[in-house]
Engineer: 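Please find one structure pasted underneath; my questions will follow.
As the structure lists them, so they are numbered: ligands from 1, and atoms in each ligand from 1.
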Amino acid sequence: MDSDTELAPAVRSILEAARGRSGGEGVVDVDARSLPDALAAAEADGRVPVIAEVKPTSPTAEGTRADDPVELAQAMVAGGAAAISVLTEPTHFDGSPEALTRVREAVDVPVLRKDFVLEEDGMDVVEADLLLLIARFVDDLEGLVAAARERGFQPLVEVHDRAELERAIDAGAEIVGVNNRDLARLEVELETFESVAPHARRVTGLENANGDGVSDVPDDVTLIAESGISSPADVRRMREAGADALLVGSAIMDHGTGDSDVTENTRRLTRAESTAGDST
Ligand SMILES: O=P(O)(O)OC[C@@H](O)[C@@H](O)c1c[nH]c2ccccc12
């Protein structure tokens with residue numbers, strides 16, 4: 001969908017690698033664990049709904065964390081994560097389909113497959129409860145959303161601006177992630193979610209940052225703020241802007257040190273609304 005020339009070189013390289021990867025053997029048939037149910041359970045339990053991401057490294061990470069993905073995922077769930085995201089992209093994130101399968105067998109929360117799926121046959125590589133589709137990189141978004149659902153996946157459509165948000169809604173997406181990271185420059189700005197998503201979701205009547213009134217995202221669409229969330233204050237900021245859930249990788253994986261306590265890193269964020277007043 002997007003002309004690669006506008007993208008950061010690392011993203012262009014990721015897409016080239018994705019285009020070269022083969023699909024799966026046959027069509028998967030998934031019995032998916034419900035993300036909305038998992039998010040509601042976290043809310044009922046007083047936890048901020050966080051999707052914690054098993055991301056060994058990335059083009060923007062300060063290092064690589066090679067811990068066993070199952071141990072990482074179990075530590076994230078112990079820290080209150082409502083769901084787990086697992087990178088399966090091998091060339092730039094050190095992810096794998098095998099890691100996702102092992103994680104999904106080891107935890108009972110929904111697991112998202114985080115990869116650059118550009119065509120339908122790329123869906124059949126591995127079973128997961130949710131499948132990421134990045135609006136910017138696919139042409140027939142409506143067709144891929146339908147194809148994902150036919151396999152039993154819950155599609156998570158990722159957007160970065162309001163035009164992509166509208167495309168996602170028009171394509172029938174019921175779970176939308178707003179990526180605060182611009183894949184053209186690989187820079188992250190939390191203002192992205194605040195300007196793209198509807199403020200009215202949590203505080204009705206407020207105009208959103210665009211000043212153009214309440215957005216038209218249907219109330220039954222789950223809105224997820226992705227990327228750049230690193231503190232309880234960031235969590236509260238995204239929730240006040242309307243996020244139903246948050247997708248967090250680096251702040252939990254803590255690639256730079258490579259050995260910090262993943263459970264504690266997760267708990268700091270899932271308890272952000274019960275420890276309000278924390279300045280961290
Ligand atoms: O590490 P962060 O800033 O917490 O970001 C997590 C997640 O949002 C990010 O890894 C991500 C968002 N969309 C993606 C698409 C592909 C690969 C990775 C991603």
Side-chain angles (χ1 to χ4, degrees), residues 1-2 7-8 10-18 21 48-65 69 72 76 79 81 83-97 99-100 111-118 122 128 130-138 155-161 164 168 175-193 196-197 223-232 234-235 237-238 243 245-258 260 262 265-266 268-270 272:
M1 178 73 190
D2 194 289
L7 298 173
V11 178
R12 283 210 303 275
S13 168
I14 290 167
L15 290 175
E16 283 164 22
R21 273 187 278 153
V48 174
V50 169
I51 303 170
E53 186 160 89
V54 178
K55 177 165 73 167
T57 190
S58 82
T60 58
E62 293 167 16
T64 295
R65 182 153 193 175
L72 288 168
M76 292 166 175
I84 299 292
S85 168
V86 178
L87 263 293
T88 59
E89 201 284 341
T91 61
H92 294 68
F93 294 85
D94 285 356
S96 72
L100 188 152
V111 178
L112 162 68
R113 178 184 174 204
K114 208 50 151 2
D115 206 328
F116 296 75
V117 174
L118 307 176
L130 298 107
L131 178 72
L132 179 76
L133 295 172
I134 305 174
R136 182 170 187 163
F137 298 142
V138 298
L156 191 166
V157 178
E158 178 174 301
V159 303
H160 182 66
D161 59 32
E164 291 178 0
I175 304 171
V176 174
V178 179
N179 193 353
N180 289 314
R181 182 169 284 112
D182 176 359
L183 293 178
R185 296 172 294 131
L186 287 182
E187 290 168 10
V188 73
E189 294 171 346
L190 297 189
E191 290 77 10
T192 304
F193 185 87
V196 169
L223 275 176
I224 299 168
E226 301 179 6
S227 303
I229 297 157
S230 60
S231 69
D234 289 345
V235 169
R237 177 176 171 184
M238 293 290 94
L246 313 165
L247 200 157
V248 181
S250 304
I252 292 172
M253 290 293 293
D254 193 9
H255 300 98
T257 62
S260 66
V262 165
N265 294 347
T266 308
R268 281 178 66 236
L269 304 179
T270 60

Engineer: Val248 near ligand 1, heavy-atom distance under 4.0 Å?
Structural biologist: yes

Engineer: On a heavy-atom basis, which atom in Gly228 and which in Leu190 lie closest, and how many Å separate them?
Structural biologist: O-CD2, 3.6 Å

Engineer: Just wondering, more than 12 heavy atoms not from Glu62 lying within 6.0 Å of its CD?
Structural biologist: no

Engineer: Could you see which bit of Leu132 sits under 4.0 Å from ligand 1, with heavy atoms only: side chain, backbone, both or neither?
Structural biologist: side chain

Engineer: Provide the closest heavy-atom pair for Val176 versus Val159 in the form atom of the first, atom of the second, distance.
Structural biologist: CG1-CG2, 3.9 Å

Engineer: Which one of Val117, Thr91, Asp115 satisfies the side-chain contact (heavy atoms from CB on, under 4.5 Å) criterion with Arg21?
Structural biologist: Asp115

Engineer: In this structure, does ligand 1 have an atom that sits under 4.0 Å from one of the heavy atoms of Ala251?
Structural biologist: no

Engineer: Strictly distance-based, threshold 3.5 Å: is any side-chain N or O of Thr270 a donor or acceptor partner for the main-chain N or O of Gly79?
Structural biologist: yes

Engineer: With a heavy-atom distance limit of 4.0 Å, tell me whether Glu89 approaches ligand 1 through its side chain, its backbone, both, or neither.
Structural biologist: neither

Engineer: So, for Leu269 and Ser230, which heavy atoms are closest and what is the spacing to 0.1 Å?
Structural biologist: CD2-C, 4.4 Å

Engineer: How far is atom 19 (C) of ligand 1 from its nearest protein heavy atom, and which residue and atom name does that atom have?
Structural biologist: Lys114 NZ, 3.2 Å

Engineer: Looking at Gly228, which atoms of ligand 1 are within less than 4.0 Å of one of its heavy atoms?
Structural biologist: 2 (P), 3 (O), 4 (O)

Engineer: Do you know which two heavy atoms are closest between His255 and Gly63, and how far apart they sit?
Structural biologist: CB-O, 3.5 Å

Engineer: Starting from atom 16 (C) of ligand 1, locate the nearest protein heavy atom and write down its residue, its atom name and how far away it is, to 0.1 Å.
Structural biologist: Phe116 CZ, 3.4 Å

Engineer: So which heavy atom in the protein is nearest atom 8 (O) of ligand 1, and how far is it from that ligand atom?
Structural biologist: Ser227 OG, 2.7 Å

Engineer: When you measure from the side chain of Asn180 to the backbone of Phe193, do you find a donor-acceptor pair of N or O atoms at a distance under 3.5 Å?
Structural biologist: yes

Engineer: Heavy atoms only: give me the nearest Ser260-Arg65 pair and the separation to one decimal.
Structural biologist: O-NH2, 2.7 Å

Engineer: Does the distance from a Lys or Arg side-chain N to an Asp or Glu carboxylate O, for Glu191 and Arg237, drop under 4.0 Å?
Structural biologist: yes

Engineer: Out of all atoms in ligand 1, which are within 4.0 Å of some heavy atom of Arg181? Include the element for each.
Structural biologist: 3 (O), 5 (O)

Engineer: For Phe93, counting its heavy atoms only, list the atoms of ligand 1 lying under 4.0 Å from any of them.
Structural biologist: 17 (C), 18 (C)

Engineer: I'd like to know whether ligand 1 has Ile229 as a neighbour, heavy-atom separation below 4.0 Å.
Structural biologist: no

Engineer: Any atoms of ligand 1 less than 4.0 Å from a non-hydrogen atom of Glu226? List them with their elements.
Structural biologist: 8 (O), 12 (C), 13 (N)

Engineer: Would you mind checking which non-hydrogen protein atom is closest to atom 1 (O) of ligand 1, with the distance to 0.1 Å?
Structural biologist: Ser250 OG, 2.5 Å

Engineer: What heavy-atom pair brings Leu15 and Leu7 nearest, and what distance separates the two atoms?
Structural biologist: CD1-CD1, 3.5 Å

Engineer: Can you tell me the protein heavy atom closest to atom 4 (O) of ligand 1 and the distance?
Structural biologist: Gly249 N, 2.8 Å

Engineer: For ligand 1, which part of Glu158 has a heavy atom less than 4.0 Å away: the side chain, the backbone, both, or neither?
Structural biologist: side chain

Engineer: Identify, by atom number and element, the atoms of ligand 1 in contact range of Leu247, meaning under 4.0 Å from any of its heavy atoms.
Structural biologist: 6 (C), 7 (C), 8 (O)

Engineer: Using a 4.0 Å cut-off to any heavy atom of Lys55, which atoms of ligand 1 qualify?
Structural biologist: 1 (O), 2 (P), 5 (O), 6 (C), 9 (C), 10 (O)

Engineer: Which protein non-hydrogen atom lies closest to atom 10 (O) of ligand 1, naming both residue and atom, and how far is it?
Structural biologist: Glu53 OE1, 2.5 Å

